[in-house]
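Data block below; observations after.
Sequence lines set the chain letters: A, B, ... in the order given, protein chains first and strands last, and positions in each chain run from 1.
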Amino acid sequence: MNVIFDNIDTFLRGFGGTLTLLGLTTLFALPFGLLLAAMRVSPVASLRATSTVYVEVLRNTPLLLVFTFFSVIITYISGALPFQVAAVLALTIYTAPFFAEAIRSGINGVPVGQAEAARSIGMTFGQTLGLVILPQAVRSVVPPLINVIIALTKNTSVAGAFFIFELFNVGREVANANGNAVVAVFLGVAFFYLIITVPLGQLADHIERRVAVRR
Amino acid sequence: MEPSHTAHPAPGTAAAGREPLVVVKNVNKHYGDLHVLKNISTTINRGEVVVVIGPSGSGKSTFCRALNRLETIDDGTILIDGKELPKEGRGLAKLRADVGMVFQSFNLFAHKTILENVTLGPIKVRKQSPADAKKRAMDLLQRVGVANQANKSPAQLSGGQQQRVAIARALAMDPKVILLDEPTSALDPEMINEVLDVMVQLAHDGMTMVVVTHEMGFARKAADRVLFMADGEILEDSTPAEFFDNPKSERAKDFLSKILTH
């Protein structure tokens with residue numbers, strides 16, 4: 001265990017790196033996912049098609065491939081994309097479809113009569129979605145959204161392979177320097193991931209209970 | 001805001017509105033191979049109360065829902081107050097604001113209070129001030145007899161109360177015409193009359209109404225015309241007295257004998 005306490009500064013910096021990736025990606029991917037979900041249920045066929053193709057392609061592509069595309073190919077083309085930016089970009093583009101699908105399932109869970117009633121009093125598509133459907137979808141959307149964030153937390157580790165200073169990379173470095181304590185080092189890494197993911201799961205339960213809609 | 005008695009003679013009189021408000025011309029609709037609306041044409045005049053009746057699967061609900069384009073149509077035209085229904089977008093939303101709709105399953109907004117259900121449209125669509133919208137909503141809730149429930153959520157009300165709120169929600173938009181799609185079919189028997197009473201009142205106030213219903217009493221009391229639909233066609237278009245006492249088509253006779261003898 002000493003190997004962790006001896007390198008606690010490095011661990012904490014890596015933890016910070018992971019949190020930053022997680023925070024920034026969620027910040028960008030959640031609105032992007034909402035937009036994709038809205039396009040998917042919109043009355044405009046071309047928007048529906050665009051969203052469907054995007055979601056299906058990205059969510060069925062390995063994350064490592066998306067990362068490689070942004071870190072290697074984009075850098076090769078444009079020259080100067082910092083790895084940190086490329087990582088957030090790759091994670092955002094990859095994660096947004098999962099957010100979109102979670103939100104869409106919630107939208108589909110709201111009885112169709114609610115949207116019909118909203119449209120029948122003259123609400124536009126945006127008003128129907130924003131004022132009637134989404135507020136009722138929140139309850140069923142929160143748990144799957146948090147599942148996506150938990151998956152994202154773990155996916156940030158892929159960034160470690162692309163010279164980003166985050167938890168998984170820290171684990172590799174410290175393990176390389178302390179070949180006799182590899183098991184302890186990786187248990188330490190796992191512990192830091194759990195510090196993020198376990199409370200997220202509990203937050204999901206809490207929010208689900210708080211925003212229950214009566215029917 | 002409601003049209004007065006003098007402007008619109010009581011329904012049942014031959015003089016009830018001669019000015020066309022809803023004009024339906026050669027409307028067709030298919031669900032796959034099923035031809036649900038077959039070349040439907042009819043005109044509903046301002047102030048007129050039209051009851052649409054017919055066996056299930058006759059297309060009467062589809063017809064009603066097509067009037068504000070909750071159902072798309074394959075061909076034909078539907079004009080509301082001289083304007084053709086736009087396909088999608090803001091134009092359609094604007095037109096729908098003028099066409100009230102009351103559903104079989106009420107469809108009150110489950111996350112809003114009763115009062116908010118009635119004020120949401122006026123505030124967000126008509127851009128009324130919240131204070132004005134609230135005042136008008138309370139008047140309407142008073143009129144349909146549920147003002148004392150204003151701050152409850154829909155789930156706390158009985159079906160009959162919910163449906164009366166749904167009528168108030170539609171009226172709050174000051175619509176030119178109200179469509180009621182089997183408004184009493186989902187109600188327990190003891191609650192049907194409280195909703196019908198509101199509808200009869202509305203008819204006597206001169207509101208233009210299209211009502212899909214099996215309530216003979218309402219049709220006789222309040223309707224100017226009865227449209228009998230079967231297999232996607234309008235088979236009869238007559239006054240309530242004529243239709244119930246003297247149906248012409250075999251299909252209508254058969255239908256009436258079934259609903260009158262049980």
- prompt: Is the backbone of A:Gly113 close enough, under 3.5 Å, to the side chain of B:Asn107 for a donor and an acceptor to pair up by distance?
  reply: yes
Atom group of B:Arg65 that falls short of 4.5 Å from chain A, counting heavy atoms: side chain
field: Donor-acceptor contact below 3.5 Å, side chain A:Glu116 vs main chain B:Leu70
entry: no
- request: Report the C-alpha separation of B:Leu120 and A:Met123 in whole Å, then their side-chain angles, then the decisive distance to 0.1 Å, and conclude whether the side-chain contact (heavy atoms from CB on, under 4.5 Å) test is met.
  value: CA-CA 10 Å; B:Leu120 193 64; A:Met123 285 192 186; 3.2 Å; yes
Heavy-atom pair with the smallest gap, counting every atom of B:Met173 and A:Ile121: CE-O, 3.2 Å
task: Using the side-chain contact (heavy atoms from CB on, under 4.5 Å) rule, take A:Ser120 and B:Asn68 through it: C-alpha gap first, then chi angles, then the decisive distance, then the call.
output: CA-CA 7 Å; A:Ser120 79; B:Asn68 71 350; 3.8 Å; yes
message: Heavy-atom pairs under 4.5 Å with chain A - which of B:Met101, B:Arg90, B:Lys124 has more of them than the others?
response: B:Lys124
message: I'd like to know if the side chain of A:Gln114 and the backbone of B:Leu108 have a donor-acceptor N/O pair within less than 3.5 Å.
response: yes
field: For B:Phe109 against A:Ala117, the heavy-atom pair lying closest together
entry: CE2-CB, 3.9 Å
- prompt: Just wondering, more than 12 heavy atoms not from A:Glu56 lying within 6.0 Å of its CD?
  reply: yes
- prompt: Has B:Lys25 got more than 12 heavy atoms of other residues, nucleotides or ligands less than 6.0 Å from its NZ?
  reply: no
task: Examine distances only and state if a side-chain atom of B:His111 and a backbone atom of A:Leu131 form a donor-acceptor pair shorter than 3.5 Å.
output: yes
